[in-house]
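For ligands, and for the atoms within them, numbers begin at 1 and follow the listed sequence. Keep in mind the model is a prediction, meaning the values are calculated, not measured. In this chain, numbering begins with 1 at the start of the sequence shown.
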Amino acid sequence: MNYEPVIGLEFHAELSTDTKIYCSCKNEFGQEVNTSCCPVCTGMPGTLPVLNKKVVDYAIKAGLALNCSITRRSKQDRKNYFYPDLPKAYQVSQFDLPLCTDGWVEIEVDGVKKRIGITRIHIEEDAGKLIHAPLGNASLVDFNRCGVPLIEIVSEPDLRSAKEARAYMETLKTILSYIGVSDCKMEEGSLRCDINVSLRPEGQDEFGTRTEMKNVSTFSGGERAIEYEIARQTEILNAGGTIDQETRRWDDVKGENVLLRSKEEAHDYRYFPEPDLMPIVVDEEWIQSIRAELPELPGVKKARYLAEYGITDYEAGLIVDNKEMAHFYEECIALGANPKTVANWVLGDISRFLKDAEMSFGQIPFGADRLCALIKEIDGGAISGTAGKKVLSAMFETAKTPAELIEELGLKQISDTSALEALVEQVIAANPQSLDDYKNGKTRALGFLVGQCMKESRGKGNPQVINQLVLQRLEAYKNA
Ligand code: ADP
Ligand code: MG
Ligand code: ZN
C-alpha cells in the first residue's frame, strides 16, 4: 500500500522583546541562572501580571507578515498542568480567541511553489528550564526563561513531505528574522518546533491518526525526524497495525524517536480565561501602524531581484535568505555597482572569508562602499581579478581602503601600452620558436607568449592589453 504523509507544524518563536511578557525582568539569553526572575514570573501568590504591549506588537507583526487576520478582541487563557519548570502550574496562553488567524505562507520546493495555511498565531509565556545533573541523581531548575514571550504559529496539515516541512521551517525563520521579532537562534532554543505526522492511503481524503514529535531543534533534524516517523508509521500500517495518537520525543543523536506519553487532549488542560488579564483589544489604527513598519518580505524581495537584477533564481534565493547579505547587496547596488558582479562577490569570496572566520554577514568589517571601490579598481583595469581577491582578503584584516591596499601590496596592474610594449618585444625575442610556430599557423603560440609576458610582469601586466600587444607584434612579423 502507498501512503501519503500529512504533516502540520507547531512553531514556537521566542520574541526578542527587552523584557518578559508579564513583568519587567530582562529577557535575555545566557544570564546567570535564576537572576532574571521576580515574584511575578516565579508565580508567587498574590502577584499580578501586566501584559507587555511590545509582545502584542510583535505578534501582530508576525501575523501580518504571514497574511493573517488580526483578532480585534482576543483573550488570554490558563493552560493548567504541573511540571517542575512551571512554578505557577499553569501557562498563560491563548485558547479559543488567538490574536491572529487564517494566514498563509508560500514555500518553494524544487522550483514548485505552494501555499501553506497558517491556522493561528497566539501569544504565550515560556516555562523555565530543567538542568539535569550529570550523575542523574538530581535536577535543578532555572526560572530565567519563565515568562519569556513566545508566539506559537500553528500550520494547517498542508505539508506532504519532509522536504516541504523543511522548506516551511526555513521560510518561517527567514520571515521572522526579516521582521525582527525573534533572533531566530535555533541553537539557543529561540525557535522550536513540534511536528505532527500522519499517513493516509493514497487517494483517501480523510486524515489518519497523527503523532506529535517534540524536541526538534534543527531544520535538518526536523527533516530526518519526519522521514523516520513516516517510515515507522508505514511499517506499523503495513503490518496491519494502527497508529496511536501519542506524543513522541525525537532523539537527534540516535536518529529515532521514543514514546513520551499518550496524547493529551485540550480538555485535559482545563483551559479557562485568565482572570487577571484584560482582553486584548486591537483597533485598525494599531494594525495600520504596524503594517507600516513591515519591511519588504523575502518572497517579494526575491521576485524583485529576479525582475530587476538579472541574477539567477538560485543566486537570488541565497542572497534573500540571509537578511544581512541582502542588505549589504542592496547597498552596493544603490551605489551603482553591477548586480551580477556584486552577487558573485557576496556569494563567492566574501561568503568564503566569512565562513573561514566564523563570522556572519552582519559582522562584515567593511562597508558596501569599500566593495564598490574594489570592483571599480578591477573594472577600471587598475588591478586584475586575482589581485582583487588579495585586496579583499586584506580588507578583512585592516580598515584600509582598496586603493591604499593596492598601493601597499604593490598590486597595481600595468595597463599602459608604452610600458608593456618593450616587455612584449623582449619576450618575443627570447622565444624565436614560438614566433616561428605562429608564422606557421600554430596560434597556440599566442597564449604561450602572453603567459610569458604575464610572468615577466610578475602578474601585474593587464592581460587584455598584453594579449592585444602580442597579437599585434606577431601579426606584424608574420606579414613582414
Ligand atoms: P495540539 O495542541 O493538540 O497539538 P494544535 O491545534 O496546537 O493541537 O496543533 C495541531 C497540529 O497538528 C497542527 O499543526 C495541525 O496542522 C496538525 N494536524 C492536525 N491533524 C493532523 C493530521 N491528521 N495529520 C498531521 N497533522 C495534523
Ligand atoms: Mg500543540
Ligand atoms: Zn519577572
Side-chain angles (χ1 to χ4, degrees), residues 3-12 17-28 31 34-44 47-52 77 79 81 87-88 91-96 98 101-105 116-122 124-128 142-162 164-165 168-169 172 192-201 204-214 216 222 226 229-230 233 242-248 260-269 271:
Y3 298 102
E4 180 185 47
V6 172
I7 304 157
L9 262 53
E10 298 158 72
F11 205 89
H12 292 90
T17 51
D18 294 335
T19 54
K20 292 185 179 181
I21 185 168
Y22 300 120
C23 62
S24 54
C25 289
K26 223 159 73 187
N27 171 26
E28 199 179 279
Q31 297 181 85
N34 293 316
T35 56
S36 189
C37 38
C38 71
V40 174
C41 56
T42 52
M44 295 297 156
T47 56
L48 288 170
V50 178
L51 177 61
N52 179 348
D77 302 276
K79 180 180 183 180
Y81 68 97
K88 292 191 291 200
Q91 174 195 30
V92 181
S93 179
Q94 294 193 286
F95 183 51
D96 53 335
T101 59
D102 299 319
W104 54 266
V105 62
I116 305 302
I118 306 283
T119 316
R120 54 187 280 159
I121 304 176
H122 63 253
E124 60 187 24
E125 57 181 336
D126 210 343
D142 176 8
F143 289 133
N144 282 352
R145 203 174 66 179
C146 287
V148 165
L150 296 175
I151 47 175
E152 177 171 340
I153 304 172
V154 181
S155 86
E156 288 289 300
D158 287 346
L159 300 156
R160 293 290 173 270
S161 67
E164 281 188 8
Y168 171 79
M169 290 189 259
L172 276 196
R192 305 192 291 269
C193 198
D194 299 342
I195 301 179
N196 299 270
V197 178
S198 66
L199 297 183
R200 62 179 172 188
Q204 178 184 304
D205 284 338
E206 246 170 277
F207 290 150
T209 304
R210 69 172 154 124
T211 60
E212 180 173 338
M213 240 185 314
K214 303 233 173 236
V216 168
I226 293 170
E229 182 59 13
I230 292 171
Q233 291 188 17
T242 51
I243 305 300
D244 295 325
Q245 187 165 334
E246 54 196 19
T247 303
R248 306 185 65 89
L260 210 57
R261 53 180 183 261
S262 74
K263 173 75 185 165
E264 61 289 334
E265 303 280 346
H267 64 246
D268 294 326
Y269 289 116
Y271 277 101

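Vertex the Zn ion (ligand 3), arms ending at SG of C25 and SG of C41: the angle is 110° after rounding to 10 degrees. Centred on the Zn ion (ligand 3), the SG atom of C38 and the SG atom of C23 lie at an angle of 110°, reported to 10°.
Each of the atoms 14 (O) of ligand 1 lies under 4.0 Å from some heavy atom of L9. Annotation for ligand 1: atoms under 4.0 Å from non-hydrogen atoms of S198 are 22 (C), 23 (N), 24 (N), 25 (C). For ligand 1, the atoms closer than 4.0 angstrom to any heavy atom of V154 are 9 (O), 13 (C), 14 (O). Interface of E212 with ligand 1, defined as ligand atoms under 4.0 Å from a residue heavy atom, comprises 4 (O). Within ligand 1, counting atoms from 1 as listed, the ones closer than 4.0 Å to a heavy atom of V6 are 24 (N), 25 (C).
Taking the six-membered ring for Trp and thresholds of 30 and 60 degrees, Y168 and F11 have ring planes more than 60 degrees apart, a perpendicular arrangement.
No hydrogens or angles considered: nothing links the side chains of T247 and E212 as a donor-acceptor pair under 3.5 Å.
Contacts between E156 and ligand 1 below 4.0 angstrom, taking non-hydrogen atoms only, involve the backbone exclusively. The proximity of T209 to ligand 1, defined as any non-hydrogen pair under 4.0 Å, does not occur for either the backbone or the side chain.
By the 3.5 Å distance cut-off applied to N or O atoms, G208 is counted among the residues near ligand 1. Inclusion of I7 in the set of residues having an N or O under 3.5 Å from an N or O of ligand 1 is not warranted.
For K79 and Y269, the positive end sits near the middle of the six-membered ring, less than 6.0 Å away and at most 45° from its axis.
Atom CG of residue L172 and atom CD1 of residue I116 lie 10.0 Å apart, to the nearest 0.5 angstrom. Interatomic distance, L260 CG to M213 CE, rounded to the nearest 0.5 Å: 12.0 Å.
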Run the side chain to side chain contact (heavy atoms under 4.5 Å, CB included) test on V6 and V197 for me, step by step, so that the C-alpha distance in whole Å, both residues' side-chain angles and the decisive distance to 0.1 Å come before the verdict.
CA-CA 6 Å; V6 172; V197 178; over 6 Å; no

After noting the C-alpha distance and the side-chain angles of L199 and E4, does the key distance pass the side chain to side chain contact (heavy atoms under 4.5 Å, CB included) rule?
CA-CA 5 Å; L199 297 183; E4 180 185 47; over 6 Å; no

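Put simply, C37 stays out of reach of the Zn ion (ligand 3), with no N, O or S atom under 2.8 Å from it.
No more than 12 heavy-atom neighbours from other residues, nucleotides or ligands sit within 6.0 angstrom of CG on D18.
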